[in-house]
Amino acid sequence: MQNKDISHIFREIAKILELKGENLFRIRAYERAAQTIEDLPESIVKVYEEKRLTSLPGIGNDLAKKVEELVTTGLLNYYHELKKQIPSGVIDMLGISGLGPKTVKLLYDNLGIDSIEKLEKACRQGSLLSLEGIKEKTQSNILRGVELYKHARERIYLHLGLDIAEKIIKQLKSTGLIEKIEIAGSLRRKKENAKDIDILAVSKKPSEVMDAFTASPLAAQVLVKGQTKSSVLANERNIQVDLRIVGEKNFGSALMYFTGSKDFNIKMRQLAIKKGYHLNEYGLFSDKDSFKKRTLASKSEKEIFSFLGMAYIPPELREARGEIEASLEDNLPELVEFGDIRGDFHIHSDYSDGSISLEEIVLCAKDKGYEYVGICDHSQSLKVARGLSVSLLHKKIEAVRMIDNRQKNIKVFCGSEVDILAQGKLDYPDSVLKEIDFVIAAIHSGFKQSKQELTQRIVRACQNPYVRAIAHPTGGLRGLREPYEIDFDEVFKAARDYNTALEINCHPERMDLSDTRAMAAQRFGVKLILGTDAHNAEQFDLMAFGVNAARRAWLERQDVINCLSLDELSKWLGK
DNA sequence: GCCGTTTTCGGCCCGACTGTTTTCAGTCG
């Protein structure tokens with residue numbers, strides 16, 4: 001039973017309870033617990049075994065018992081009973097935008113609609129009009145929701161989301177109606193993927209901006225259009241874009257609200273209440289009553305945090321994972337910044353499957369202002385990526401040495417991304433490994449092995465005296481291949497004890513370790529290393545996304561190998 | 001169902017937009 005299985009079951013329970021019209025706060029308790037378990041950087045089974053379940057936020061006695069039942073029996077009787085009451089197709093209908101529990105229940109109870117297919121048919125036949133409170137407009141909106149559902153929009157990578165957002169911002173600015181505009185939402189928090197794009201702007205003519213936005217050539221479809229808030233589907237990737245207009249004096253509070261996360265907002269508002277204030281997107285107020293209230297802060301986020309006695313919380317941390325408490329105690333981490341990065345290690349040259357030469361790599365690294373660069377090509381077994389035979393590796397070592405000798409302002413290391421073979425042996429013998437400056441070990445085969453076998457392979461690699469890091473430790477390819485299962489405690493322990501770094505692979509399809517895993521690793525005492533896995537010149541830019549993930553993982557400079565000075569790095573390489 | 005520096009009971013974030021109403025419920029973020 002994995003964390004994601006249990007969080008899935010809790011979410012399903014929440015949906016069924018919604019359909020049954022249960023107490024909203026009870027429903028939210030299940031959703032909150034699901035989120036806690038999903039974000040949990042360690043195995044819920046371990047938390048259960050160590051009797052720490054009720055110490056998790058949002059998990060009390062009752063939910064702890066349910067987790068226990070799931071962990072020990074693999075089943076949950078309560079869930080089983082609930083599922084009997086509502087067909088699964090009815091639960092699926094909740095996934096349709098604009099269709100909530102009340103309407104779904106109405107459709108199911110009165111028309112027996114228990115699947116999205118039946119819903120679509122009923123809309124087309126006009127059957128919904130027989131119901132009280134549903135007229136032509138609602139029916140066509142539901143049908144539109146069904147259409148959108150069928151062309152399911154997936155979450156998009158951060159870099160693509162930022163790209164689309166920039167285009168829209170550029171277009172809006174060109175209207176001349178905008179005084180100030182910023183990306184908010186999960187993109188501002190630098191979350192690795194986004195389900196929508198949130199933009200906040202200041203304008204004296206909000207309704208004209210709304211007209212321009214909804215009529216934009218970049219918008220394929222208008223979902224909602226109001227005085228100060230509109231949503232469209234972008235013609236690129238069909239992603240939803242929300243635009244909100246506020247006054248200059250509310251910009252800070254609106255930016256905070258619109259940046260989220262949702263859980264962060266809830267906690268902030270609760271904190272404001274506890275201190276006797278009232279917080280919403282228009283500001284921090286002395287009182288909820290609109291006649292008595294005075295504005296305490298609203299213009300900038302800093303002002304609001306400061307009035308609440310808090311240190312400024314960078315957007316990347318705003319996930320309700322303890323940052324509010326840390327901020328109140330003035331105990332926030334000093335997050336690593338892009339400017340702290342002094343080099344990149346995980347780069348492939350045209351010796352194996354990269355498209356750039358050694359010389360070009362050095363130029364790219366200099367261009368980034370790096371002090372050092374490691375060139376890692378694949379090892380001999382990885383034939384598909386033209387892994388280097390021992391003799392070719394020797395040639396490459398020679399070539400790198402020659403280039404390095406010619407450099408004044410940058411140190412060039414010869415590295416290798418060495419396969420961890422099925423039994424945990426490395427793809428070059430130690431006698432060869434010791435000639436390489438930087439060995440990063442990786443699993444590229446045998447993904448189907450058991451959790452124990454995969455864990456042992458990585459542990460053995462960590463223990464090898466020549467291995468300095470483990471590349472993409474969980475092996476997932478987003479949307480393509482599920483990560484393999486490993487025992488993180490064991491891997492973290494080996495990495496810490498043998499001073500082997502774990503990579504945050506910056507490639508958007510990898511992002512491995514993820515932010516929450518990297519956070520867990522750091523708390524275990526493991527060092528992290530950022531690697532772009534660049535195979536061409538453009539991919540050097542992916543480092544920024546690794547820094548984003550590192551910041552979301554609460555990492556400071558001393559946690560990240562790429563921040564070491566050349567001297568410190570050389571010492572570390574010597575293990 | 002959770003949770004506690006006002007509380008072990010009685011709260012639980014809050015406002016915009018929509019459609020169907022004639023003051024509001026449902027949905028969303």
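Numbers restart at 1 for each chain; the letters A, B, ... are given by sequence-line order, proteins then strands.
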Validation: residues 80-96 of chain A side-chain donor-acceptor distances under 3.5 Å, sequence neighbours left out:
unit_1	atom_1	unit_2	atom_2	d
A/E81	OE2	A/K84	NZ	3.2
A/Q85	OE1	A/K20	NZ	2.6

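Mapping A/Y282 and A/F258 onto DNA chain B by nearest heavy atom places A/Y282 at the nucleotide closer to the 5' end. Taking for each of A/L94 and A/N265 the nucleotide of DNA chain B with the nearest heavy atom, the 5'-most of the two is the partner of A/N265.
Using the Watson-Crick or G-U wobble rule with both distances under 3.5 Å, B/dT8 pairs with nothing in any strand shown.
Chain A approaches DNA chain B over the interval B/dG1 to B/dG29, counting the first and last nucleotide 5' to 3' with an atom under 4.0 Å from its heavy atoms.
Residue A/K267 is classed as having no contact, given no heavy-atom separation below 4.0 Å to the nucleic acid. Counting non-hydrogen atoms under 4.0 angstrom, A/N141 reaches the backbone sugars and phosphates but no base.
In this structure, the ring of A/Y277 has its center less than 6.0 angstrom from the ring center of A/F307.
In this structure, A/D263 CG and A/R318 CZ are separated by 14.5 Å, a value rounded to the nearest 0.5 Å.
The separation of B/dA25 from B/dT21, taken at their P atoms, amounts to 14 Å, rounded to a whole angstrom.
By the 4.0 Å N-to-carboxylate-O rule, A/R52 lies close enough to A/E42 to be salt-bridged with it.
Checking A/T516 against A/D39 by side-chain atom types alone, no donor-acceptor pair falls below 3.5 Å.
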